[in-house]
Amino acid sequence: MTEKKKFHSVRGVRDILPPDSSLWNWFEQAARDTLETYNFREIRLPIFEDTELFARSVGAETDIVSKEMYTFQDQPADLESANEMGRGKAVSLRPEATASVVRAYIEHGMQTLPGLVKLYYLGPMFRRERPQKGRYRQFYQIGAEVLGQSDHPAIDAEMIEMLIVLLGRCKIESWTLLVNSIGDANCRPAYVALLREELRKVKNQLGADSQRRIDTNPLRVLDSKLAEEQAIVASLPKIADHLCDDCRNHFAELRRQLDLRSIPYTVDPRLVRGLDYYTRTTFEITSPHLGAQNALAGGGRYDGLSEMLGGPPAKCIGFALGEDRFIEVIQAAGSLDRATAGRPLDAFIVWLGAAAYPAAVRLARRLRQEGFRVEIPAEESKLKKALSLAERLGARFAIIVGDQEVAAGAYAVKRLADGEQRKLAESDVAGFLRG
RNA sequence: GUGAGCGUAGCUCAGCGGUAGAGCAUCGGACUGUGGCUCCGAGGGUCGUGGGUUCAAAUCCCAUCGCUCACCCCA
């Protein structure tokens, strides 16, 4: 009965171990710093929300909502809730965070704040997909959203600029920016109707997925990557030719805004993105250093979402970037290894003899108060062994505290890189460690 | 959900019908107050799991689970 079970992490989730965790921290700090310079502020959001929030914003018909969410009943039928409903309401682990941001915007009446509301978030998202390179069931995103009364393309362009700046900070040289406009409530319905009509004519040449999408979401057919459908997709009417004047002008201005920022881009008429709430601008940044899942970041405008969720009218644009994928690319480049490595161990305190231990403990505490990373062994060991361990732990200095040193009131501080050693009073040790 | 490849020590892998191995890592010793080098030694495995074939299976067969990559979709 005491059969031992060997636990392992659940499929699609993973541990981020040192030293990788140092790189993650570095990256998150770089992202925060970048976004803060564009005057974004952090919003901390819940990890789970009312399932209905995602269904109404992301779209009930999307893959994300229809089959990829981790959903459970909050408050199982207990005494309190059993009377009313018999069970708690459905909540889901967030598959993305834009819905939460808009919910929070509405809930806290942020439309009354002066100017544009500029928020960023970071943290884990959850989607139950089959894992592969660059895709996990618990993955990490950093996202930014601008909400307010203006939908000027300069806002869109500035968000993209911000992303490009972050890429540069991460020394990511090769990337591709794809942009498109998918119209708005004025022009998209007519285009979708036209597209559906054209698709019906070639229906029997399409795969099962695309055939189904003719009814559920014709735009997504454009996104098909099936080789045998490419010729058909290329022949379909393009949204760019069917935008209303406002959308066409908006998209033209976006391109001008990118040009004046010297940001290279490619217009991709097939970039429709999977989530229902997008309008007008859509964009994506891809990397050649990833596998099939090559999108580093993606985003777009979602001007109608606030009202769809019962809030005030709001013009919004946002993006999310995949941390896992950024990390992957940064590591592949290898150019930031030094900058992103965790701080090394500053000092390893070697104490010899029980009589010296109290002095060693006092020294460790003092150095730590000075901000040094310090290791002091719990058990005494031979000097040779202790120095060997210090070396293997990557310590910069070893500090020998034995009877002789305590008696003399000066510790032997040895720099392991070159073997230079000095006798220093306790108050002088920190200075030597800094130098 | 579908397909392909791969599962042997903590890690990287060899062995591919005949007593489970190497390198690295870990621990100890040579070396009692001065690390890195060297040498010696030790621990660590139900060969993913279950069944089958065989005198004999890590090895061949079947199933199953897991991992990886890809499809799909997305960050």
Side-chain angles (χ1 to χ4, degrees), chain A residues 3-4 6 8-12 14 17 58 61-68 94-98 122-143 163 207-210 212-213 217 220 223-229 271-275 278 282-287 290-300 318-329 348 350-353 356 380-405 411-421:
Chain A
E3 191 173 320
K4 271 184 269 178
K6 194 171 183 183
H8 50 269
S9 63
V10 171
R11 162 171 249 181
R14 57 177 182 159
L17 307 171
V58 176
E61 301 304 315
T62 61
D63 287 357
I64 291 173
V65 170
S66 65
K67 57 188 187 193
E68 294 175 0
R94 62 185 188 186
E96 58 106 49
T98 296
L122 76 180
M125 308 294 160
F126 305 85
R127 293 182 200 172
R128 199 181 178 289
E129 300 176 273
R130 193 78 167 256
Q132 71 185 76
K133 188 176 177 66
R135 190 171 71 186
Y136 306 93
R137 289 182 172 183
Q138 175 174 335
F139 59 103
Y140 296 81
Q141 287 189 336
I142 300 178
L163 220 28
D209 284 334
S210 291
R212 180 163 36 78
R213 287 178 189 135
N217 192 345
R220 286 267 294 289
D223 208 20
S224 165
K225 283 150 193 148
L226 293 176
E228 58 271 26
E229 292 183 352
L271 182 68
V272 296
R273 310 208 59 74
L275 285 53
Y278 284 116
T282 59
F283 64 93
E284 185 168 295
I285 294 176
T286 62
S287 165
L290 292 167
Q293 309 303 322
N294 64 352
L296 278 170
F319 69 76
L321 67 84
E323 284 193 72
D324 307 79
R325 296 178 186 178
F326 262 77
I327 297 289
E328 179 99 17
V329 172
F348 187 98
V350 183
W351 57 276
L352 302 165
E380 184 176 5
S381 69
K382 284 187 274 193
L383 177 60
K384 233 179 208 314
K385 200 200 285 189
L387 285 173
S388 168
L389 183 55
E391 201 268 326
R392 284 177 297 153
L393 292 177
R396 296 167 54 233
F397 292 88
I399 304 174
I400 299 165
V401 181
D403 293 341
Q404 299 165 22
E405 286 74 15
Y411 304 128
V413 184
K414 179 169 190 169
R415 183 159 52 211
L416 293 173
D418 59 8
E420 165 146 0
Q421 181 168 322

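Computed from heavy atoms alone, side chains included, the values below leave out hydrogens, waters and symmetry copies. Naming: A, B, ... by sequence-line order, numbering from 1 per chain.
- Both A/Ala297 and A/Arg128 sit near RNA chain B, but only A/Arg128 has its closest nucleotide nearer the 5' end.
- When the P atom is used for both B/A57 and B/G51, the distance is 13 Å, rounded to whole Å.
- When rounded to the nearest whole Å, the span between CG of A/Leu271 and P of B/C73 equals 14 Å.
- Using a 4.0 Å heavy-atom criterion, one finds that A/Ala390 contacts no nucleic acid atom at all.
- Judged by distance alone, with hydrogens and angles left aside, the side-chain atoms of A/Ser287 form no donor-acceptor pair with the main-chain N or O of A/Leu296 at under 3.5 Å.
- An OP1 or OP2 oxygen of B/C73 is reached within less than 4.0 angstrom by a side-chain nitrogen or oxygen of A/Arg213.
- The separation between A/Gln138 atom CD and B/A75 atom C1' is 14 Å, rounded to whole Å.
- Going from atom CZ of A/Arg135 over to atom C1' of B/C73 covers 6 Å, rounded to whole Å.
- Taking atom C1' on both B/G44 and B/G5, the two are 29 Å apart, rounded to the nearest angstrom.
- One can place CZ of A/Arg11 at 11 Å from P of B/C69, the figure rounded to the nearest angstrom.
- Just one of A/Arg14, A/Arg135, A/Gln293, A/Gln141 meets the side-chain hydrogen bond (donor to acceptor under 3.5 Å, both in side chains) condition when paired with A/Asp324; it is A/Arg14.
- A distance of about 14 Å separates the P atoms of B/C69 and B/C13, rounded to the whole Å.
- Scanning both residues, A/Ala412 and A/Gln421, for their nearest heavy atoms gives CB-NE2, 3.4 Å.
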>> Generate the contact string for nucleotides 31-47 of chain B. Rules: B means base contact, S means sugar-phosphate contact only, - means no protein heavy atom under 4.0 Å.
In response: BSBBBB-----------
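- Judged by distance alone, with hydrogens and angles left aside, A/Arg325 brings a side-chain donor or acceptor within reach of the base of B/C74, the pair sitting under 3.5 Å.
- The phosphate of B/A70 (OP1 or OP2) has a side-chain N or O of A/Gln132 nearer than 4.0 angstrom.
- When the P atom is compared between B/C24 and B/C39, the two are found 9 Å apart, to the nearest whole Å.
- No option in A/Lys385, A/Glu391, A/Arg392 other than A/Arg392 meets the side-chain contact (heavy atoms from CB on, under 4.5 Å) test with A/Leu389.
- Evaluation of atom-type donor-acceptor distances gives no pair under 3.5 Å for the side chain of A/Arg130 against the base of B/C71.
- Residue A/Glu61 qualifies as open at atom CD: its count of foreign heavy atoms under 6.0 Å is 12 or below.
- Remark: the separation of the P atoms in B/A58 and B/U53 is 16 Å, to the nearest Å.
- At whole-Å resolution of the value, CZ in A/Phe283 and P in B/A75 are 11 Å apart.
- The side-chain hydrogen bond (donor to acceptor under 3.5 Å, both in side chains) analysis of residues 395-404 of chain A, with sequence neighbours excluded, yields the pairs A/Asp346-A/Arg396.
- With sequence neighbours excluded, no residue forms a salt bridge (charged side-chain N to carboxylate O under 4.0 Å, His left out) with A/Arg137.
- Rounding to whole angstrom units, CG of residue A/Asn294 and C1' of B/A70 are separated by 13 Å.
- Rounded to the nearest Å, the gap between the P atom of B/G52 and that of B/G15 is 28 Å.
- Applying the 3.5 Å distance criterion, the base of B/C74 shares no donor-acceptor pair with the side chain of A/Arg220.
- Distance, A/Glu129 CD to B/U68 P: 14 Å, rounded to whole Å.
- On the P atoms, B/G33 is 45 Å away from B/A14, given to the nearest whole Å.
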>> Dot-bracket for RNA chain B, please. Rules: Watson-Crick or G-U, both distances under 3.5 Å, ( ) within the strand, [ ] when a pair crosses earlier ones, | for another strand, . otherwise.
In response: ((((((((.[[[[.)..(..]]]].(((((.......))))).....[[[[[..)....]]]]])))))))....
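- Under the salt bridge (charged side-chain N to carboxylate O under 4.0 Å, His left out) criterion, A/Glu420 pairs with A/Arg415, A/Arg422, not counting sequence neighbours.
- Applying the ring pair (Phe, Tyr, Trp, His ring centres under 6.0 Å) test to A/Phe326 and every residue at least two apart in sequence or in another chain returns A/Phe27.
- At the heavy-atom level, A/Gly143 lies nowhere under 4.0 Å from the strands shown.
- Residue order along RNA chain B, read from the 5' end via each residue's closest nucleotide, puts A/Leu290 first among A/Arg127 and A/Leu290.
- Distances shorter than 4.0 Å separate some side-chain N or O of A/Arg392 from OP1 or OP2 on B/C27.
- As rounded to whole Å, 8 Å separates atom P of B/C73 from atom NZ of A/Lys67.
- The base of B/C69 lies outside donor-acceptor range of the side chain of A/Gln293, with no N or O pair under 3.5 Å.
- Between the A/Glu68 side chain and the A/Glu129 main chain, no donor and acceptor come within less than 3.5 Å of each other.
- One C1' atom belongs to B/G29, the other to B/G21, and the distance between them is 24 Å to the nearest Å.
- A side-chain donor-acceptor contact under 3.5 Å links A/Arg127 to the backbone of A/Pro95.
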